[in-house]
There are 4 protein chains.
Amino acid sequence: ADELFLISGPCVIEDESIMLKTAEKLKEVTERLNIPMIYKASFQKDNRSSVDFYRGPGIEEGLRILQKVKDEFGFSLVSDVHYPDQVKPAAEVLDIIQIPAYLCMQTDLVVGAAETGKVVNIKHGQFLAPENMIKPAQKVESTGNKNIILTERGFTFGYNDMVVDPRSFYEMRKTDYPVVFDVTHSIRKYGIPSADPNGGARQYLGTLARAGVAAGVDGLFIETHPCPSEALCDAASQLDVTQLEEFLKPLIDIHNIELSYRNSPNH
Amino acid sequence: ADELFLISGPCVIEDESIMLKTAEKLKEVTERLNIPMIYKASFQKDNRSSVDFYRGPGIEEGLRILQKVKDEFGFSLVSDVHYPDQVKPAAEVLDIIQIPAYLCMQTDLVVGAAETGKVVNIKHGQFLAPENMIKPAQKVESTGNKNIILTERGFTFGYNDMVVDPRSFYEMRKTDYPVVFDVTHSIRKYGIPSADPNGGARQYLGTLARAGVAAGVDGLFIETHPCPSEALCDAASQLDVTQLEEFLKPLIDIHNIELSYRNSPNH
Amino acid sequence: ADELFLISGPCVIEDESIMLKTAEKLKEVTERLNIPMIYKASFQKDNRSSVDFYRGPGIEEGLRILQKVKDEFGFSLVSDVHYPDQVKPAAEVLDIIQIPAYLCMQTDLVVGAAETGKVVNIKHGQFLAPENMIKPAQKVESTGNKNIILTERGFTFGYNDMVVDPRSFYEMRKTDYPVVFDVTHSIRKYGIPSADPNGGARQYLGTLARAGVAAGVDGLFIETHPCPSEALCDAASQLDVTQLEEFLKPLIDIHNIELSYRNSPNH
Amino acid sequence: ADELFLISGPCVIEDESIMLKTAEKLKEVTERLNIPMIYKASFQKDNRSSVDFYRGPGIEEGLRILQKVKDEFGFSLVSDVHYPDQVKPAAEVLDIIQIPAYLCMQTDLVVGAAETGKVVNIKHGQFLAPENMIKPAQKVESTGNKNIILTERGFTFGYNDMVVDPRSFYEMRKTDYPVVFDVTHSIRKYGIPSADPNGGARQYLGTLARAGVAAGVDGLFIETHPCPSEALCDAASQLDVTQLEEFLKPLIDIHNIELSYRNSPNH
């Protein structure tokens, strides 16, 4: 499909009521905007900077809540895995298995996810030159699975800073797999806990999203929450779900223009 | 004005006939597209990597040719200065005096240019955090001159590579001065002579231009030449002037959308 | 102890004869130089860029060979784990469990390794500001285990390049845990298979090693092989074990000087 | 000569008494340590971030003071030029003409300095890949002048941060010209005025200096002041001249070791 698709939901699975409330709002917005919607939330955050931070409800309870969201709203589901033994139970519920950026080079994990036959969404490692993203994609392909999504989320640029290099979209598009832009994690400020209001540079959200969409993507990844300041993770970078519709409008317009010129020279 | 404006012309001043031929084509294209046009070419390249490379005709002959282009086509003129003693003669012909990126922190040069009362176009130093671009702007302001343009052209990103960080446009726009995106120099590959076909990553031109325009700019800086492969400078990164019109169309469309949302939240 | 200690061995476990031959040579050299020696080789490489590359003999056979090296030469052993279920069997043979750089933020893996009570050697993530290395160290500490080593191996610096920032040693030393410099992986050129002679910038080995030791470390990590050009991994960056002794001499001298000034001001 | 040589003095020329007091102390220290000493201070700072900051006494008064230092203490002199018309008067007093890092690619300035026949000290541009430092050196050579020094002072590494990459010393040494390490400016924090105590990361001085000397240099550049906190420039990064002797001792020891191994393999 040519419509810009959306991957959205709270960063980590919190109380069931919050998950459903967010889903309800996402349903309304994406129906009005007429764009495909995939629901995302993590059942386990394995790379938080402290063992004292909230890590999610775990795989069993997490998948139960995700299934409930799917049953009530009909969304496809995506969530991330960190270890090979999570792949199989995750695949029973999820439509898309996500490989976290730090783990994009871990062969056993990538191949394990691929072997489920599900779509594999590979996040672009913050340390990996964009053209090297073909490498984890080829690991998925080695299993016969060609259902692949590549997701940009910023490259390490000096200490505790991330840059979204528009050339990365160009390089990833050369694979012919759908390319997604995760704008939420691109504004993270490492070294500051993600629950701290200074842990994300929210002011850049619109600028980065427009630039990425104009560079050329097929989907957007934007974490949303009914009340980001109270979110248990990425409080500083999630978007208030009530602001989502206005946020998406210019992006959909820009996407449609970009799409209409894809066959032009020098695109 | 709200139209995206264009700064264009060959990188360095070559034979008069080439300069006029480029100007003629630029006239046609910008009239058809109905966008403002400013003609740019350098009378002296002071930072080429070898003394053996072509440096331009010098200030006197260079300004004579630029004046002729202005007389024939009515364009405003911009060119760059490298030393304070060039500022005064340059101001007699130019409408905009450009400060090269490497020199954006040189007080005597910036202040000298400002004191002419002309518009000063400050290129963003490849080594300067975007928010620090307010510093050279304040040097211009210290003379009472508020006619300032800020131009992005990529930041040093590892050795011999440049990145266009969309956040830079956001930071420079906070000054309220017009912001321009020089896409030509953003694709230069340092360490390779600019006359070498490998000296620029031409494949990224469209992607970067779209991303920059969507991020939010007022003008574009695109060097053009009737035959880039024979250009005496930046042969690898200039755009063939006959391709300019098709190149600009998506950018103008994206600019108009970006403009229409400037007062939205999260822009 | 004040002597510079050495972690060395082939990158990945190959034929038993190669492992023993390397160990024998390492024994000779470190006895002559009178420095402590810890033997390192990987039983599984999980982040090679292709599923077609050699990944090692697996955990069971790999640990058997490592145990044999220990039995014959008396070395302490270190190897790396990638998934929590490898931690327990690994701890039965290894003295030091190593967390790969890409995985330094994976809580379950780090905590799992810590819970064995073994020394945990945490490689510095190529994406992590040096001062943030305290975070994975605190995850180890959270289990009551204070046996920690921190190992520098270069930071992402533009695409496909690694920089060894001397400030990283300063920051890691502030933890008071032993700091090791892995010079072998600091010269890797990503994007080129590690078996390719261009996959590592061998010419920098000496310069980097001297700089790191002078900055202040307690140990060195240098992968060695009897014939690097035939090594099944990191052929371009391993040191020929017959060159090790000459390589270490200036480093030991510099270390002794650095050590003698540790209590000076401005050290 | 094989002794590590020292370039030192206050960053910018201040009151004559301060200049002489610093020189006197530098004389004592370098005689005791038996190392060659070259006196450095700037008569004009052209790239301060505001026109309101102290820029120095200007060329005429500045050269008068430098001459006085030379007359009283017998030091060779180095200072920096920013525009070609400063080269000739500067050469009448100075022994070494320094090209500032931002200006290392400016042909007219570099060639003008070279034509005086004086030694030309080229600072390594914060934006230039180390191997490209051969380019400005070749511009000097094009005049027949082979009296060249290359000085490292850190590379742009993300925004407002500088990294000293030990590989840079290796690359610059390949030219066979003397290589100097300017440790003072390597710890500057851009975006913060240099008179602010947070404008430099003083804690890294020792670590960086040791790393650079071990990597392999011929001289050190360390700005010194009798009271850095009251210095009119680089207050945060200059070294208190009374601390210089203790600071230099480990560096001289490390230099002597590095020197003694220069003909070893893998150096």
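Residue numbering restarts at 1 for every chain, and letters A, B, ... go by the order of the sequence lines.
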Next on the checklist: To the closest 0.5 Å, what do you measure between CG (D:Asn47) and SG (B:Cys104)?
Outcome noted: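 Rounded to the nearest 0.5 Å, the CG-SG separation comes out at 9.5 Å.
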
Any side-chain heavy atom of [X] within less than 4.5 Å of one from [Y]?
{"X": "D:Asp85", "Y": "B:Tyr83", "answer": "no"}
{"X": "D:Val110", "Y": "B:Val51", "answer": "no"}
{"X": "D:Asp108", "Y": "B:His82", "answer": "no"}
{"X": "D:Thr156", "Y": "B:Gln126", "answer": "no"}
{"X": "B:Ser49", "Y": "D:Met105", "answer": "yes"}
{"X": "B:Lys45", "Y": "D:Thr107", "answer": "no"}
{"X": "D:Phe127", "Y": "B:Phe127", "answer": "yes"}
{"X": "B:Leu128", "Y": "D:Tyr190", "answer": "no"}

Contact part of [X] toward chain B, heavy-atom cut-off under 4.5 Å: side chain, backbone, both or neither?
{"X": "D:Gln106", "result": "both"}
{"X": "D:Phe157", "result": "neither"}
{"X": "D:Leu109", "result": "both"}

Next on the checklist: Using a 4.5 angstrom heavy-atom cutoff, name the option from D:Gly125, D:Gly158, D:Gly191, D:Pro130 with the most pairs to chain B.
Outcome noted: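 If we count pairs closer than 4.5 Å to chain B, D:Pro130 comes out on top.
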
Checklist entry - If you draw a 6.0 Å radius around CD in D:Glu230, do more than 12 non-hydrogen atoms from other residues or ligands fall strictly inside? => result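 Not buried by this count: 12 neighbours or fewer within 6.0 Å.
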
Next on the checklist: Report which part of B:Val163 has an atom under 4.5 Å of a heavy atom belonging to chain D: side chain, backbone, both, or neither.
Outcome noted: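 Contact with chain D involves no heavy atom of B:Val163 at all.
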
Checklist entry - What part of B:Arg55 is in contact with chain D, defined as an atom under 4.5 angstrom from a non-hydrogen atom: side chain, backbone, both or neither? => result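 Just its side chain gets close to chain D.
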
Next on the checklist: Just by distance, no angles: are the side chains of D:Tyr159 and B:Asp165 close enough, under 3.5 Å, to form a donor-acceptor pair?
Outcome noted: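 Per modelled atom types, D:Tyr159 and B:Asp165 side chains form a pair under 3.5 Å.
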
Checklist entry - Of all heavy-atom pairs between D:Asn160 and B:Glu131, which one has the smallest distance, and what is that distance? => result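 Residues D:Asn160 and B:Glu131, closest heavy atoms: ND2-OE2, 3.2 Å.
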
